[in-house]
Amino acid sequence: MELTALGIYGPYPKAGGHSASSYLVSTDRANVVLDFGSGTVTRLFEKIAFKNLDAVIISHSHFDHTSDLLPLNYLAELNPDKKVKLYVPKDGNNWYLKLLIPTSFEVIEVDHGDKADINGIEAEFFAMRHTAKTLGVKIGSGGKTLFYTGDTTWFDGIADYVKGVDFVLADAAKPIGFKGPHMGYDKAQAIYESCRTRVVVTHLSPDFDPKEALKGTPIEVAEEGKTYLI
Ligand SMILES: [Zn+2]
């Protein structure tokens, strides 16, 4: 299984050709995109053709995770024979659903504990803690698993969620003491202690890169365009 970081910034992309939250998970049978922030369309279709996009999983309704679903509409309109599966948290605030072309998407509402099989990519959803209803997702394929936190503050349950996984992509790139509903990079260390595996922090503020602060630790900072083999 491969994970490509299409966009790593939030709450808006850094200037100069960068993108907000979006990650492509690929196997030889399926392509699934985790979140769809601004800049996703241009990055995603450098990698795969629209016809090979099987599903999009949305962690929560915030714009930096959903806004490129709007231009995806136009691409979908040009491909009427294709229907993209769109997994969304069961949440009355899914504003973007009102703007999508209903015939182009198969919307599947999910909640904590739900599971899905997308052409051999197994997904399991977990409640996170954020200002919007947010689901993290555990993705499994070929005996390997990754956990993507979506946006969240720290809570002890995260340690349980990541136990035994092979790779963690965590919203833990903010400065220590950050006031918003995200984790500071110090929490990445707590995640690492729970899973002792590869931990990559993401959702970078455009004006803060934790790379220097994490030097000498096992924690990695997500790099846009980079593909991680899991
Ligand atoms: Zn958010």
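In listed order, ligands and their atoms are each counted from 1. These numbers come from the heavy atoms of this one structure, side chains and all, not from hydrogens, waters or symmetry mates.
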- Task: Just say parallel, tilted or perpendicular for the rings of Y161 and F155, cut-offs at 30° and 60°.
- Result: perpendicular
- For the residue pair H112 and F126, categorise the inter-ring angle as parallel (less than 30°), tilted (30 to 60°) or perpendicular (more than 60°). perpendicular
If you consider just the N/O/S atoms, which atom of [X] is the closest one to the Zn ion (ligand 1)?
X    : result
D151 : OD2
H60  : NE2
H62  : ND1

- Item | Presence of salt bridge, E122 and K115, under 4.0 angstrom | no
- Note on the structure: In D64, T40, T4, the residue satisfying side chain to side chain donor-acceptor pair (under 3.5 Å) with S22 is T40
